[in-house]
Number of protein chains: 2
Amino acid sequence: MNVTGHTRRPASIRDVATAAGVSYQTVSRVINGHPSVKHTTRERVLAAIDELGFRRNATALALASGRSRAVTVLTANTTHYGYASILQGVEEAARAASYAVGIGVLESADEAAVAAEVQRAADAGGGLIVIAYDPAGVGALAAVPAELPVVGVVETPASPPGDDRPWVWTDDREAAYEVTRHLLSLGHETVHYVAIPSSTRRTSARTTGWRQALKEAGAPEPRPVQGSWGPAGGHAVGVGLAADPSVTAILCGNDDLALGVLRALHEAGRSVPGEVSVAGFDDAPHSAYLTPALTTVRLDFTGLGRSAFALLHGVLEESAQIAPHPVSVPELVVRESSGPPPGHD
Amino acid sequence: MNVTGHTRRPASIRDVATAAGVSYQTVSRVINGHPSVKHTTRERVLAAIDELGFRRNATALALASGRSRAVTVLTANTTHYGYASILQGVEEAARAASYAVGIGVLESADEAAVAAEVQRAADAGGGLIVIAYDPAGVGALAAVPAELPVVGVVETPASPPGDDRPWVWTDDREAAYEVTRHLLSLGHETVHYVAIPSSTRRTSARTTGWRQALKEAGAPEPRPVQGSWGPAGGHAVGVGLAADPSVTAILCGNDDLALGVLRALHEAGRSVPGEVSVAGFDDAPHSAYLTPALTTVRLDFTGLGRSAFALLHGVLEESAQIAPHPVSVPELVVRESSGPPPGHD
DNA sequence: CTGAAAGCGCTTACAG
DNA sequence: CTGAAAGCGCTTACAG
């Protein structure tokens with residue numbers, strides 16, 4: 001881009017001003033789109049900007065103006081599919097709005113460690129987006145000082161929060177309700193549930209949706225089994241489920257958990273979906289290629305990330321319009337891992 | 001932290017100076033660990049800092065000093081396991097060094113789009129780490145202006161680069177060599193290879209390692225099959241491989257590809273490892289739980305990210321010692337998907 | 001050992 | 001429509 005190529009120090013607005021024969025305040029007006037600049041002057045400044053390859057120094061802008069066109073995402077993990085997709089969505093929207101995006105990982109849920117991470121994120125300037133699907137994230141969201149602009153990506157709240165709570169979420173209750181109904185409609189007497197860890201002490205929306213479908217169908221309500229996040233956790237609890245001959249349908253809190261359950265079932269010699277049906281949550285990229293291919297419900301995490309940014313953007317700049325929380329609708333994806341129970345006609 | 005809790009504007013060094021009864025330059029000396037400060041003065045300043053909850057403004061620091069304790073990671077994707085793990089490793093090391101980490105996604109390999117992303121990353125200040133495993137990343141690495149501190153996370157280079165090239169990589173050649181030898185040792189006549197897209201026009205290190213093992217064993221050398229990154233790509237080429245009865249062993253460029261191949265084999269009714277052996281690359285979290293569990297080679301992506309940061313850190317601060325490129329050794333993980341060919345004794 | 005001055009590259013009132 | 005001044009919160013020489 002820089003034709004001369006031998007510039008050491010990048011051009012400043014003063015350099016541009018000199019080249020255009022104006023004061024640097026006028027250059028400032030031009031790059032800020034201020035209307036009161038004579039047309040010919042503007043042209044001259046623009047030409048100088050182009051010639052010198054000028055780019056406005058973001059650090060100086062932030063210091064002088066007090067706002068920084070930046071957002072940092074606080075998350076407990078960057079490798080889980082859902083988390084990574086949210087991050088990708090945030091970045092996508094931020095890029096479109098010319099915002100920088102930073103990232104901070106909450107390695108521990110320890111209060112002091114979380115507080116330190118929030119501080120670090122605050123030091124970066126700009127707004128915060130915290131993924132609050134787990135205790136570390138929930139702690140971080142709570143630890144954000146009131147004066148800092150923040151939006152939380154949260155589990156479905158029990159009751160719709162006021163407009164003052166800048167939160168986004170997917171409709172997990174509805175999603176769980178749908179998959180459970182799908183399983184019941186196949187003829188299963190009931191559906192067992194392997195839960196992901198809840199971020200709070202309250203009953204999660206997924207659990208609520210599952211329970212509601214069971215209630216409506218008059219099906220017995222087994223105790224939810226507590227799983228963890230990954231396939232190892234699914235496998236661990238799957239072993240117990242596989243040993244229980246009365247279990248014919250299992251809903252898992254996410255696809256990774258389902259993978260572990262599938263494996264445990266296989267090891268126990270129970271066929272899927274012949275003897276047991278399994279369904280997951282998320283529609284991770286590999287789920288369609290498993291054998292059997294996993295029935296699951298697709299959640300739009302990328303869209304969720306975009307929404308989170310839009311909301312934050314609205315808070316940060318009054319000019320930007322505040323998008324309503326667009327709750328994306330979950331989509332049931334029926335594949336091979338679900339079918340009628342044994343002996344069903 | 002802030003006991004009073006009603007501070008609007010955060011405390012500045014001037015506020016601290018006033019509270020401690022010194023000039024703000026002295027405060028600056030204290031927070032920078034400058035030795036020439038009287039012990040009692042230092043104590044007083046430290047007390048004031050604590051009381052006011054002072055945190056040094058990173059933006060002002062960056063503007064005044066010219067360096068910014070920040071690094072931004074440029075990557076084509078945030079959801080692939082390897083990429084996400086590298087990011088996690090960078091963040092881990094950056095956090096330990098009190099650096100901020102930014103992220104920029106290269107959504108397209110288009111030259112103008114890549115250049116724009118590099119600019120955006122450069123605007124953020126600080127150093128750059130670019131993941132150059134694909135054309136977009138390779139393009140970005142090439143587009144970084146010479147004056148910008150950058151380290152590339154690259155495929156194994158054909159020849160060791162000079163010390164002036166701040167690159168890190170894993171030993172893919174060795175890794176491919178090992179898995180291929182494992183497969184051959186099982187009795188397979190040869191091993192087919194499904195390649196991930198190469199980031200450059202040159203033959204990739206994985207291909208080279210595979211080929212070397214074949215040569216040493218005097219095995220016939222099938223043409224590598226070109227795959228893509230995900231399971232869909234693996235499935236597409238897997239269909240062809242499954243239809244060829246002479247194929248008894250398949251090495252895949254990554255675990256996702258292997259998943260797709262496994263699925264294609266299953267659909268064609270060819271058992272694994274009974275009729276065909278399959279191996280992958282990366283040891284993604286789900287690979288151990290597939291049925292059959294996937295034989296693969298574990299690569300330390302998180303460590304790679306940490307190394308990348310260490311290298312950049314060394315470039316950014318002369319004080320920080322430049323770590324030697326620590327090439328992590330890949331580890332062969334034999335699971336269920338590999339076994340002797342049919343009819344082998 | 002410590003203070004007063006200048007400056008990093010911008011923006012924001014204030015004049016004209 | 002455009003310029004001169006002050007300031008954002010720090011650091012970096014320069015004095016003493």
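Every chain is numbered from 1, with letters handed out A, B, ... down the list of sequences.
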What pair of heavy atoms forms the shortest contact from [X] to [Y], and how long is it?
{"X": "A/L63", "Y": "B/T59", "answer": "N-CG2, 3.7 Å"}
{"X": "B/L106", "Y": "B/E117", "answer": "CD2-CB, 3.6 Å"}
{"X": "A/E91", "Y": "B/V105", "answer": "OE2-N, 3.0 Å"}

Of A/D134, A/T75, A/N77, A/T78, the residue whose pairing with A/Y83 passes side-chain hydrogen bond (donor to acceptor under 3.5 Å, both in side chains):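 Single side-chain hydrogen bond (donor to acceptor under 3.5 Å, both in side chains) partner of A/Y83 among A/D134, A/T75, A/N77, A/T78: A/D134.
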First of B/R56 and A/R42 reached from the 5' end of DNA chain D, by closest nucleotide: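 Looking at the nearest nucleotide for each, A/R42 comes out on the 5' side.
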Of A/P35 and B/S28, the one whose closest DNA chain D nucleotide lies more 5':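 This one resolves to A/P35.
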Enclosure of A/E43 CD (heavy-atom neighbours >12, cutoff 6.0 Å):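 Counting neighbours around CD of A/E43, more than 12 heavy atoms of other residues, nucleotides or ligands fall under 6.0 Å, so yes.
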Base paired to C/dC1 (Watson-Crick or G-U; both N/O distances under 3.5 angstrom):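 The answer is D/dG16, by the H-bond criterion.
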Quick one: label [X] by what it contacts on the DNA or RNA (base, sugar-phosphate, nothing), any heavy atom closer than 4.0 Å.
{"X": "B/T59", "result": "nothing"}
{"X": "A/S12", "result": "sugar-phosphate"}
{"X": "B/R67", "result": "sugar-phosphate"}
{"X": "A/L61", "result": "sugar-phosphate"}

First of B/S65 and B/K38 reached from the 5' end of DNA chain C, by closest nucleotide: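 That would be B/K38.
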A/R14 or A/R29, whichever maps to the more 5' nucleotide of DNA chain C: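 Result of the comparison: A/R14.
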Chain B contact limits on DNA chain C, taken 5' to 3' with a cut-off of 4.0 angstrom to heavy atoms: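 Nucleotide range in contact with chain B: C/dC1 to C/dG9.
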Member of B/V37, B/T41, B/I13, B/V22 meeting the side-chain contact (heavy atoms from CB on, under 4.5 Å) criterion with B/V30: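 So, applying the side-chain contact (heavy atoms from CB on, under 4.5 Å) to B/V30 and each of B/V37, B/T41, B/I13, B/V22, only B/V37 qualifies.
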